[in-house]
Amino acid sequence: MTARFVRFQSPRQDRRGRFVGVFGLVNAAAKDGLLTVEQERVRRVNNDWFDAYYPDPTAVDATVYDHDINPRAAAWFKSSAVELIDRTERHLKLCRELAIECDRIESDDPGRIIYEDEHQVVVVAHQGDR
């Protein structure tokens with residue numbers, strides 16, 4: 001049986017105690033100048049595709065990722081969002097090329113849901129959760 005939610009994230013916590021997701025990992029690598037011209041093109045095209053076709057939770061609630069209001073908030077795909085999960089492979093490939101670790105995590109209960117749409121949820125993780 002497939003879990004209800006899927007997330008791709010770093011296996012290690014950042015300084016704020018968060019497990020950074022695949023988009024954050026790739027965007028940070030771009031900000032740090034680690035991408036080749038072609039990798040940056042792939043990142044930008046893929047980010048633009050997600051922006052064009054799927055809701056941005058912050059457009060609905062600007063505080064959804066506010067660290068003080070929702071510490072450790074993290075987005076998870078619904079397992080039914082097959083197109084999004086498949087499309088994420090482009091970012092996962094960039095992580096592999098850059099030797100950035102990124103795990104696939106599945107859960108039926110990733111945390112307290114603070115945002116939900118047809119394709120994804122944003123949750124505040126339960127204490128002690130990855």
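These numbers come from the heavy atoms of this one structure, side chains and all, not from hydrogens, waters or symmetry mates.
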Side chain to side chain contact (heavy atoms under 4.5 Å, CB included) between Arg87 and Asn46, worked out
CA-CA 8 Å; Arg87 185 75 182 219; Asn46 207 39; 2.6 Å; yes
Separation between [atom1] of [X] and [atom2] of [Y], rounded to the nearest 0.5 Å:
{"X": "Arg43", "Y": "Leu35", "atom1": "CZ", "atom2": "CG", "value": "6.5 Å"}
{"X": "Arg18", "Y": "Ser10", "atom1": "CZ", "atom2": "OG", "value": "11.0 Å"}
{"X": "Cys95", "Y": "Arg90", "atom1": "SG", "atom2": "CZ", "value": "14.5 Å"}

For Glu83 and Tyr54, which I'm curious about, is there any donor-acceptor pair between the side chains at under 3.5 Å?
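Indeed, the side chains of Glu83 and Tyr54 share at least one donor-acceptor pair under 3.5 Å.
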Does [Y] offer a backbone N or O that forms a donor-acceptor pair with the side chain of [X] under 3.5 Å?
{"X": "Glu97", "Y": "Gln39", "answer": "no"}
{"X": "Ser79", "Y": "Ala3", "answer": "yes"}
{"X": "Asp32", "Y": "Leu34", "answer": "no"}
{"X": "Lys78", "Y": "Asp117", "answer": "yes"}
{"X": "Arg7", "Y": "Ala75", "answer": "yes"}
{"X": "Asp103", "Y": "Ile105", "answer": "no"}

So which heavy atom on [X] is nearest to which on [Y], and how close?
{"X": "Pro110", "Y": "Asp108", "answer": "CD-C, 3.8 Å"}
{"X": "Ile69", "Y": "Asp66", "answer": "N-OD1, 3.0 Å"}
{"X": "Arg72", "Y": "Ala125", "answer": "NH2-CB, 3.8 Å"}
{"X": "Cys102", "Y": "Pro11", "answer": "N-CD, 4.3 Å"}
{"X": "Val123", "Y": "Val121", "answer": "CG1-CG2, 3.8 Å"}

So, applying ring pair (Phe, Tyr, Trp, His ring centres under 6.0 Å) with His91, which one of Trp49, Phe23, Phe8 is it?
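Going through the options one by one, the only one that passes is Phe23.
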Would a hydrophobic clustering, with Ile, Leu, Val, Met, Phe, Trp and Tyr connected at side-chain separations under 4.5 Å, put [X] with [Y]?
{"X": "Trp76", "Y": "Tyr53", "value": "no"}
{"X": "Ile114", "Y": "Tyr65", "value": "yes"}
{"X": "Phe19", "Y": "Leu25", "value": "no"}
{"X": "Phe77", "Y": "Val124", "value": "no"}
{"X": "Val22", "Y": "Leu98", "value": "no"}

Pair Arg96 + Glu101, salt bridge at N-O below 4.0 Å:
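So Arg96 does not pair with Glu101 through a salt bridge.
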Residues Arg104 and Glu106 bridged, charged N to O under 4.0 Å
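A salt bridge is present here (some side-chain N lies under 4.0 Å from a carboxylate O).
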Show your working on side chain to side chain contact (heavy atoms under 4.5 Å, CB included) between Leu94 and Val42 and close with a plain yes or no.
CA-CA 8 Å; Leu94 291 174; Val42 168; 4.2 Å; yes
Does the side chain to side chain contact (heavy atoms under 4.5 Å, CB included) test come out yes or no for Ile113 and Val122, once each step is laid out?
CA-CA 6 Å; Ile113 296 173; Val122 177; over 6 Å; no
Run Gln120 and Tyr115 through side-chain hydrogen bond (donor to acceptor under 3.5 Å, both in side chains) and show every step you take.
CA-CA 8 Å; Gln120 65 187 326; Tyr115 168 85; 4.6 Å; no
List for me each residue that meets side-chain hydrogen bond (donor to acceptor under 3.5 Å, both in side chains) alongside Asn70, sequence neighbours excluded, and say none if there are none.
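Scan of Asn70 (side-chain hydrogen bond (donor to acceptor under 3.5 Å, both in side chains), adjacent residues dropped) gives none.
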Take Ser107 and Asp109 through the side-chain hydrogen bond (donor to acceptor under 3.5 Å, both in side chains) test and state the conclusion after the steps.
CA-CA 5 Å; Ser107 177; Asp109 182 18; over 6 Å; no
Does atom CD (Glu38) have a neighbourhood of more than 12 heavy atoms from anything else shown, all under 6.0 Å?
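Above 12, so yes.
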